[in-house]
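In what follows, a structure is listed as structure tokens, so that the remarks can point back to it.
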Amino acid sequence: MNQHKPIKKAVFPVAGLGTRFLPATKAIPKELLPIVDRPLIQYAVDEAREAGIEQIIFVTGRGKTAIVEHFDVAYELEATMKERGKDMSVLDPTRATPGDIITVRQQVPLGLGHAIWCARAIVGDEPFAILLPDELMVGEPGCMKQMVDAYNEVGGNLVSVLEVPQEDVSSYGVIAPGASISDTLTEVTGLVEKPPVAEAPSNKIISGRYILQPEVMRTLENQGKGAGGEIQLTDAMARMIGNQPFHAVTFAGNRYDCGSKTGFVEATLALALQREDMGEEVRAIAERLLAQ
Ligand code: UTP
């Protein structure tokens, strides 16, 4: 029988400055930039809902209130659409059950670890998920569902990982893999944030999805600054290894790093090409452009 507490809460840290996308992100949150016609945050929330998450916790900052508006009812818009007989189903994913969206504020972007710690009172004493919306994970089932399935087997803490060329590891959190449990599930014996290439314990990087036990909040409480002068989530997780089970799930699907410009363009092309309503047209456009 499953002994593990269910994962019902997810934290979405969205308080970062998005400097790599300036000037686009001067007045618009990075998380609202659309891939085709859905903002990044919508993909992440849909992925969480598919995994059974009921409570959505946004860690927001200055200039990020439009993210919360996105999940609110837009009365004027809906009334006008209804009057004109337009299809309203396109708005369905933006409807939240009243009370299910909670926001907390990170006043200063001191790092991902600090952003997560800002949600400690809402997370309480339950295991919880974390989704970084600028990492777009496309798979069936989605990445968080794959992680929740793994959590139901092994419990404890999990991160999703993928392999990158060794020379790229120093931009990411990297795991030291231990024993293999299955093709997609590995024990984690160590974690390091942005290691120099020569010191990286593997080429498996953490890819923006986590399931963590609430003790991480207490670890973060006393945590100093790490790589890049930021309070790093990876450092807090590393300190929990040995005290609690820690595993990595290799995501079966595609990941697009939409925090980078090329990753964003790649995601836009990939998803547009897959769409039934436009894939063929976009392919013809891409072929024409490549032939120029
Ligand atoms: P990133 O470093 O990728 O995002 O953080 P950023 O800071 O917004 O973007 P750049 O690097 O300046 O272009 C990963 C995630 O963690 C959140 C970000 O919003 C993003 O979802 N984050 C980061 C916070 O919420 N607070 C922080 O202090 C740092």
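We use all heavy atoms of the structure for the numbers below, so side chains are in, but hydrogens, waters and symmetry mates are not. First listed ligand is number 1; within each ligand, the first listed atom is number 1. Starting from 1, each residue takes its place in the sequence as its number.
- The nearest heavy-atom contact from the protein to atom 28 (O) of ligand 1 is G111 N, 2.7 Å.
- Residue E221 places its CD atom among more than 12 non-hydrogen atoms of other residues, nucleotides or ligands, all under 6.0 Å distant.
- In terms of protein heavy-atom proximity, atom 8 (O) of ligand 1 is closest to G18 N, 2.9 Å.
- Relative ring orientation between Y151 and H4 is described as tilted, the plane-to-plane angle lying within the 30° to 60° band.
- Looking only at protein heavy atoms, the nearest one to atom 19 (O) of ligand 1 is G16 N, 2.9 Å.
- For atom 6 (P) of ligand 1, a protein heavy-atom neighbour is found at a distance under 4.0 Å.
- Tracing side-chain contacts under 4.5 Å through hydrophobic residues (I, L, V, M, F, W, Y), one never reaches L132 starting from L32; they form parts of separate clusters.
- Residue L17 approaches ligand 1 through these ligand atoms, each under 4.0 Å from one of its heavy atoms: 6 (P), 7 (O), 8 (O).
- Checked by distance only, ligand 1 and L110 come closer than 3.5 Å through their nitrogen or oxygen atoms.
- Put simply, OG on S160 and CE on M147 are 5.0 Å apart, with the number rounded to the nearest 0.5 Å.
- Between the choices E230, E31, R20, the shortest heavy-atom distance to atom 11 (O) of ligand 1 belongs to R20.
- Heavy-atom contacts of Q106 reach the following atoms of ligand 1: 24 (C), 25 (O), 26 (N), 27 (C), 28 (O) (cutoff under 4.0 Å).
- Residues E78 and R95 are paired through a salt bridge, judged by an N-O separation under 4.0 Å between the basic side chain and the carboxylate.
- K64 places a side-chain N or O within donor-acceptor distance of the main-chain N or O of V14, the cut-off being under 3.5 Å.
- Using a cutoff of 4.0 Å between basic side-chain nitrogens and carboxylate oxygens, D37 and R275 are scored as salt-bridged.
- Of the protein's heavy atoms, P13 O, 3.6 Å lies nearest to atom 17 (C) of ligand 1.
- Every atom of ligand 1 is numbered from 1 in the order shown, and the set under 4.0 Å from a heavy atom of A115 is 24 (C), 25 (O), 26 (N).
- In terms of polar-atom proximity, defined here as any N/O pair under 3.5 Å, F21 makes no such contact with ligand 1.
- At the shortest separation from atom 15 (C) of ligand 1 among protein heavy atoms lies L132 CD1, 4.2 Å.
- Within the listing of ligand 1, atoms 16 (O), 29 (C) sit less than 4.0 angstrom from a heavy atom of L112.
- A donor atom on one side chain and an acceptor atom on the other are found under 3.5 Å apart for Q223 and R239.
- Listed by number with element, the atoms of ligand 1 under 4.0 angstrom from any heavy atom of D134 are 3 (O), 20 (C).
- Assignment of G259 to the shell around ligand 1 is not supported, since no heavy atom sits closer than 4.0 Å.
- Using modelled atom types, no side-chain atom of Y210 and backbone atom of N157 make a donor-acceptor pair closer than 3.5 Å.
- Other residues, nucleotides and ligands contribute at most 12 non-hydrogen atoms within 6.0 Å of the CD atom of E280.
- Here the heavy atom of the protein found nearest to atom 12 (O) of ligand 1 is T19 OG1, 2.5 Å.
- Salt bridge absent: E126 and K8 never bring a charged side-chain N and a carboxylate O closer than 4.0 Å.
- K30 NZ, 3.1 Å is the protein heavy atom nearest to atom 4 (O) of ligand 1.
- Checked against a 3.5 angstrom limit, the closest N/O atoms of A15 and ligand 1 fall inside it.
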